[in-house]
Peer 1: 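One structure, pasted below without further comment.
Side chains are part of it too, since the values below use all heavy atoms of this structure and drop only hydrogens, waters and symmetry mates. One is the number of the first residue; the rest follow in order along the sequence.
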Amino acid sequence: MASGFKTAEPLEYHRSFLKENCRPDGRELGEFRTTTLNIGSISTADGSALVKIGNTTVMCGIKAELANPAVEAPSKGYIVPNVDLPPLCSSRFRPGPPGEQAQAASQFIADVIESSEVIQTEDLCIVKGKLCWVLYCDIMCLDYDGNVLDACLIALLAALRNARLPEVTFSKDSDIPEVNLENRRGLNIHKHPVGASFALFEESIMIVDPTAEEEALSTATVTVVMDEEEHLCALHKPGGTSLSGEKLQDCINRTMTRHKEVHKLLDKVIQSIKTPE
């Protein structure tokens, strides 16, 4: 009977749970799904990470390439993020060029990288005006069950912390860079932006970490990104019903709590794979 009700009236089915302050998957309204993290899983990448939030699974691989700095920014390198939502992760996505949601996710990640200064692009410059690093950050969703932005951000952050770039020496005489693949060093991570996503139901009920079904039934979704100094790095709300100042403050407070949990998880995983000197 319950499954028939869910199929015929999905919104009413969800409302019956929300009225009781719980959700169909057994979580409370303010409860995140279990988050797990693996790093260094792609041996061919310079840095990588795999993140799961519930069933939502996202992988990030980082490839570093040498390039010429831009004329207008001779002492800076580049970070180029790309989010891919392929048909294999959900039947909602079609083959072909990136859809609207994938483009919006790529732009969101690019905005967070810039506004949070997770890496200062000056750190990627090797020789001013001549040589710099470009970090291609490819983020692919392997299983889509809602809240993909939070997962993308954790995967990116973990992959950046896992990344090791080879040593490069630049001879002024020959103008040819020499790359030493044996000698590698980590990136200088300045900030740790972490996101928390929320879904609204008729302006009064707010839930965290929505599943794909909850996203589809909600009247609005919002993602808040904070760093460890409690600075707001980004706020992403693609349309939908309005959000009161009180609700927004609640989102910010919950994001700060979420930041502490994710940062702790990141540190724990990175410490666990560090080999003793």
Peer 1: Regarding Lys52 and Asp145, does a basic nitrogen lie under 4.0 Å from an acidic carboxylate oxygen?
Peer 2: no

Peer 1: Rounded to the nearest 0.5 Å, what's the gap from CZ on Arg184 to CD on Glu167? Could you check?
Peer 2: 11.5 Å

Peer 1: Under 4.5 Å between any side-chain heavy atoms of Asn38 and Val269, yes or no?
Peer 2: no

Peer 1: Check whether the side chains of Asp227 and Ser116 place a donor and an acceptor atom closer than 3.5 Å, and report yes or no.
Peer 2: no

Peer 1: Report yes if the side chains of Ile119 and Asn188 come closer than 4.5 Å at any heavy-atom pair, otherwise no.
Peer 2: no

Peer 1: Could you give the distance from CG (Leu266) to NZ (Lys268), rounded to the nearest 0.5 Å?
Peer 2: 12.0 Å

Peer 1: Do any N or O atoms from the side chain of Ser115 and from the backbone of Cys233 form a donor-acceptor pair under 3.5 angstrom?
Peer 2: yes

Peer 1: For the CG atom of Leu243 and the CG atom of Asp250, what is their distance to the nearest 0.5 Å?
Peer 2: 9.5 Å

Peer 1: Quick one: do Arg33 and Asp25 make a salt bridge, cutoff under 4.0 Å?
Peer 2: no

Peer 1: Is there a path of hydrophobic side-chain contacts, each under 4.5 Å between heavy atoms, that joins Ile62 and Val134?
Peer 2: no

Peer 1: Determine the interplanar angle of the Tyr144 and Phe93 rings, folded into 0 to 90°, and report it as parallel if under 30°, tilted if 30 to 60°, perpendicular if over 60°.
Peer 2: perpendicular

Peer 1: Check whether any side-chain N or O of Arg23 sits under 3.5 Å from a backbone N or O of Glu28 as a donor-acceptor pair, and report yes or no.
Peer 2: yes

Peer 1: At their closest point, which heavy atom of Cys132 faces which heavy atom of Tyr78, and how far apart are they?
Peer 2: SG-CE1, 3.9 Å

Peer 1: Decide if atom NZ of Lys237 counts as having more than 12 heavy atoms of other residues, nucleotides or ligands within a radius under 6.0 Å.
Peer 2: yes

Peer 1: So Ile126 and Trp133, side chain to side chain contact (heavy atoms under 4.5 Å, CB included) or not? Walk me through it.
Peer 2: CA-CA 7 Å; Ile126 300 163; Trp133 285 112; 3.6 Å; yes

Peer 1: Compare all side-chain heavy atoms of Asp150 with those of Asp209 and state whether any distance is below 4.5 angstrom.
Peer 2: no

Peer 1: Consider only side-chain N and O atoms of His192 and Glu228, and report whether a donor and an acceptor are under 3.5 Å apart.
Peer 2: yes

Peer 1: Side-chain donor-acceptor pair under 3.5 Å between Thr35 and Arg258, yes or no?
Peer 2: yes

Peer 1: Are the side chains of Glu229 and Lys191 in touch, meaning some heavy atoms are under 4.5 Å apart?
Peer 2: yes

Peer 1: Could you pull out the closest heavy-atom pair between Pro81 and Ile113, with the gap in Å?
Peer 2: CG-CD1, 3.9 Å

Peer 1: To the nearest 0.5 Å, what is the distance between CG (Asp46) and SG (Cys137)?
Peer 2: 10.5 Å

Peer 1: For residues Val262 and Leu160: do they belong to one hydrophobic cluster (side chain heavy atoms under 4.5 Å, members Ile, Leu, Val, Met, Phe, Trp, Tyr)?
Peer 2: yes

Peer 1: Given the rule that I, L, V, M, F, W and Y join up when any side-chain heavy atoms are under 4.5 Å apart, are Leu50 and Leu88 in one cluster?
Peer 2: no

Peer 1: Evaluate side chain to side chain contact (heavy atoms under 4.5 Å, CB included) for Leu265 paired with Ile154, printing each intermediate quantity in order.
Peer 2: CA-CA 10 Å; Leu265 173 67; Ile154 298 171; 5.6 Å; no

Peer 1: Flag yes if Met140 and Val80 sit in one hydrophobic cluster, no otherwise; membership is Ile, Leu, Val, Met, Phe, Trp, Tyr, and two members link when side-chain heavy atoms are under 4.5 Å apart.
Peer 2: no

Peer 1: If we only count heavy atoms from C-beta on, is the Cys251 to Met206 side-chain gap below 4.5 Å?
Peer 2: yes

Peer 1: Could you give me the CA-CA distance, side-chain angles and deciding distance for Leu124 and Leu187, then say whether side chain to side chain contact (heavy atoms under 4.5 Å, CB included) is met?
Peer 2: CA-CA 9 Å; Leu124 299 174; Leu187 293 164; 4.0 Å; yes

Peer 1: Quick one: closest heavy-atom pair of Ala234 and Val112, and the distance?
Peer 2: CB-CG2, 3.8 Å

Peer 1: Hydrogens and angles aside, do His190 and Asp123 bring a side-chain donor and acceptor to less than 3.5 Å of each other?
Peer 2: yes

Peer 1: Looking only at heavy atoms, which two atoms of Ser218 and Thr221 are closest? And how far apart?
Peer 2: OG-CG2, 3.7 Å

Peer 1: State whether the number of non-hydrogen atoms from other residues, nucleotides or ligands found under 6.0 Å of Glu31 atom CD is greater than 12.
Peer 2: yes

Peer 1: Report yes or no: do Leu165 and Tyr136 belong to one cluster of Ile/Leu/Val/Met/Phe/Trp/Tyr joined by side chain heavy-atom distances under 4.5 Å?
Peer 2: no

Peer 1: Centre of Phe198's six-membered ring, under 6.0 Å away, within 45 degrees of the axis: is that where NZ or CZ of Arg254 sits?
Peer 2: no

Peer 1: Within the 4.5 Å heavy-atom criterion, are Thr211 and Arg27 side-chain neighbours or not?
Peer 2: yes

Peer 1: Could you tell me if the side chain of His236 sits less than 4.5 Å from the side chain of Leu149, heavy atoms only?
Peer 2: yes

Peer 1: Judged by atom type as modelled, is there a donor-acceptor pair below 3.5 Å linking the side chain of Ser75 to the main-chain atoms of Lys128?
Peer 2: no

Peer 1: From Lys63 NZ over to Asp138 CG, what is the distance, rounded to the nearest 0.5 angstrom?
Peer 2: 10.5 Å

Peer 1: Considering all heavy atoms of both residues, which atom of Cys141 and which atom of Cys89 are nearest to each other, and what is their separation?
Peer 2: O-CB, 3.3 Å

Peer 1: Cut-off 3.5 Å, side chains only: do Asn55 and Asp143 have a donor facing an acceptor?
Peer 2: no

Peer 1: Might you work through the side chain to side chain contact (heavy atoms under 4.5 Å, CB included) test for Met226 and Leu232, ending with a clear yes or no?
Peer 2: CA-CA 5 Å; Met226 311 282 291; Leu232 182 64; 3.7 Å; yes

Peer 1: So, taking the atom named CZ in Phe201 and the one named CD1 in Ile207, what distance separates them when rounded to the nearest 0.5 Å?
Peer 2: 4.5 Å

Peer 1: With a 4.5 Å limit on heavy-atom distance, are the side chains of Ser197 and Glu215 in contact?
Peer 2: no

Peer 1: Work out which heavy atom in Thr255 is nearest to a heavy atom in Val194; give both atom names and the distance.
Peer 2: CG2-O, 3.8 Å

